[in-house]
Amino acid sequence: MNPAAAGAPIRVRIAPSPTGDPHVGTAYMALLNLIYARQRGGRFVLRIEDTDRARFVAESEQMIFDALRWLGLEWDEGPDRGGPYAPYRQSERTPLYQQAAADLLAAGRAYRCFCTAERLESMRRAQAAAKLPPRYDRACRSLPPAEAAARAAAGEAFVVRLAVPLDGATTFRDELRGAITFDHANVDDQVLLKSDGFPTYHLANVVDDHAMYISDVIRAEEWISSTPKHVLLYDAFGWPAPRFWHMPLLRNKDKSKISKRKNPVSLIYYRQAGYLPAAMINFLGLLGGGMPAAEDAAAEKFSFADMLARFQFDQIRLGGPVFDLEKLRWLNGLYLRALTPEAFLEAVRASVFGEAYLARIAPLAQERIETLGQFFDLTDFFFLDAVVPPREVFLPKKRTLEDTLRVAVALTAALEAAEWTPPALEAALRALAQTQGWSAKEVFMLLRALVTGKTASPPLLESLEVFGRARTLDRLRRFLEIQAARPAPPPAPRPAE
RNA sequence: GGCGCCAUCGUCUAGCGGUUAGGACGUCGCCCUCUCAAGGCGAAGACCGCGGGUUCGAAUCCCGCUGGCGCUACCA
């Protein structure tokens, strides 16, 4: 059965990988896929691509569920709700990929590769030195299959690589762009099965899309270059390929692919910062075209239902849209003001002064309070949209601005990686102090200044735990951004103290 | 570097051979107003990246160039 044949049921999917906070790009793709499916009476599948055990983050999967549901982007089939093609978690489907790899091996469309990471690295170094494109040199491709099988059986570590045809080219159709051709000379012998037995995205995605009867692969533009590998795989398996739709990539202000460094990308952040799901959906719908002409201001405000009724996939713009926070904020304001006073009050109560949030903040203030009136003085940073610490607050005595900024950058990286619990945070901060040559006290104070805007606060680690990673990182990055944008100040006199 | 994709105001976009190139965000001004927002009105802002074609006529079609972006992992 050909899932992409005319008349075949429409089935689409998103395949996020649980490697961190749920990403705004995931929401964008989910929205587009959902609309595509709903407009055609199809099904929308959520599949978790947890094949990278090195980057796996345990809480991430649940956060993806929560974030998508917060936006109202509900799926028809998925790990938590099952479906006819379960399981929907790739880590639970490994036998399928191993069988697929074995089939490919047997058919001579793939081969075992025993090259070590060190050899691959030196190979790439040599290629770079010779100004050659970095590509696997196919050293293991000529190994007799029997010999390779014997070495594998003897316990030698190996990966399975796709045997890309030595000449010719692969052409596929992108529904938005037409035919795209890649010369085989430019397609690498991609790793299909890693030495840990897990598949790479390329293998897993093809095997699963086929097994799940996916009719249309609607994904981000960054996948165009690897599509020929996927097409080659479908061909090797003798399976019909789905239709491919590559959507424009969301961008930072400087037009680069949207990234956490330059833009808040965590859906957790947007929820905590008080954006409304309807506004976020509306905003994403505005990006990349697809909605009919906006003749006036009112036409730019629309709901998910409006998108269902009017969104047109063939009207999608191919230029990557800048994710303009200013416009998102304006839209969000529009929605907030449209709320009834009762609904608005409820939103404030639930979102800003949520019972659970307050319950965690109150104990932090209690020990250092004399009148209840001081509560907000002590805890304001938990509720502010942003804090901008003045230089005398964030610049430690005896440190230069350059030095401080360097530590702030390292601090951001350390907090990105740390487990979000006070003990883990403390360990990370102390380790950072060590490597940066700062005292723990200085590091704690810098972080306190950047997050709270003050030099005095409730216990920092506990405050961070409550405040959350997404907003903490946003404050640090916003600070770094402001400092980077600021012209280098003259060798300033030390702030008088 | 190689390969690929893309290209209308600062930003999001409308336009799909003949328009004063329209709207929105942002910016600026005026009005409203105790302030600030919101709201109303208005302004500035795009020789449609550049150069060639095709055509009576190109933002719209074709080619080249340039620029931007993406990919170039045992990450997705």
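Scope of the values below: all heavy atoms of this structure, side chains included, with no hydrogens, waters or symmetry mates. First the proteins, then the strands, lettered A, B, ... as listed; each starts at 1.
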Kindly say if [X] contacts the phosphate of [N], meaning a side-chain N or O under 4.0 Å from OP1 or OP2.
| X | N | result |
| --- | --- | --- |
| Thr200(A) | A73(B) | no |
| Arg337(A) | G39(B) | yes |
| Arg317(A) | A14(B) | yes |
| Arg124(A) | C74(B) | yes |
| Lys255(A) | A7(B) | no |
| Arg135(A) | G2(B) | no |

Could you check which of [options] has an atom nearest any side-chain atom of [X]?
| X | options | value |
| --- | --- | --- |
| Glu326(A) | A76(B), C25(B), C69(B) | C25(B) |
| Phe182(A) | G4(B), C12(B), G39(B) | G4(B) |
| Arg251(A) | G68(B), A76(B), C25(B) | G68(B) |
| Pro134(A) | C5(B), U13(B), G1(B) | G1(B) |
| Lys194(A) | A76(B), G15(B), U13(B) | A76(B) |

If I pick the [atom1] atom on [M] and the same atom on [N], what distance separates them, to the nearest angstrom?
| N | M | atom1 | value |
| --- | --- | --- | --- |
| U72(B) | G64(B) | C1' | 26 Å |
| C12(B) | U55(B) | C1' | 33 Å |
| U54(B) | U13(B) | P | 34 Å |
| C62(B) | A7(B) | P | 12 Å |
| G23(B) | A43(B) | P | 10 Å |
| U66(B) | U27(B) | C1' | 30 Å |
| G2(B) | C56(B) | C1' | 45 Å |

When all nucleic acid strands are considered with a 4.0 Å heavy-atom cut-off, which category describes Leu193(A): base, sugar-phosphate, or nothing?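 Since no nucleic acid heavy atom lies under 4.0 Å of Leu193(A), the category is nothing.
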Could you tell me whether Asp380(A) and Lys454(A) make a salt bridge, using a distance below 4.0 angstrom between a side-chain N and a carboxylate O?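 Yes, Asp380(A) and Lys454(A) are salt-bridged.
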Closer than 4.0 angstrom, basic N to acidic O: yes or no for Arg477(A) and Glu416(A)?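 Answer for the salt bridge query: yes.
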Quick check: closest heavy atoms across Ile224(A) and Phe172(A), and the distance to 0.1 Å?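 Nearest heavy atoms, Ile224(A) then Phe172(A): O-CZ, 4.0 Å.
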Check: C5(B) base within 3.5 Å donor-acceptor of Arg177(A) side chain: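 In this structure, the two groups form no donor-acceptor pair.
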Hey, does the side-chain of Ser195(A) have a donor or acceptor N/O within less than 3.5 Å of a partner on the base of C74(B)?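 Looking at the base of C74(B), it does pair with a donor or acceptor on the side chain of Ser195(A) (distance under 3.5 Å).
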Is atom NZ of Lys260(A) surrounded by more than 12 heavy atoms (other residues, nucleotides or ligands) closer than 6.0 Å?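 Not buried by this count: 12 neighbours or fewer within 6.0 Å.
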Please give the nucleotide sitting opposite C61(B) as a Watson-Crick or G-U wobble pair, both distances under 3.5 Å, or none.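 Checking every strand shown, C61(B) finds its partner in G53(B), with both distances under 3.5 Å.
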Any cation-pi pair here, Arg151(A) with Phe114(A), using under 6.0 Å and within 45°?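 Yes, Arg151(A) lies over the aromatic ring of Phe114(A).
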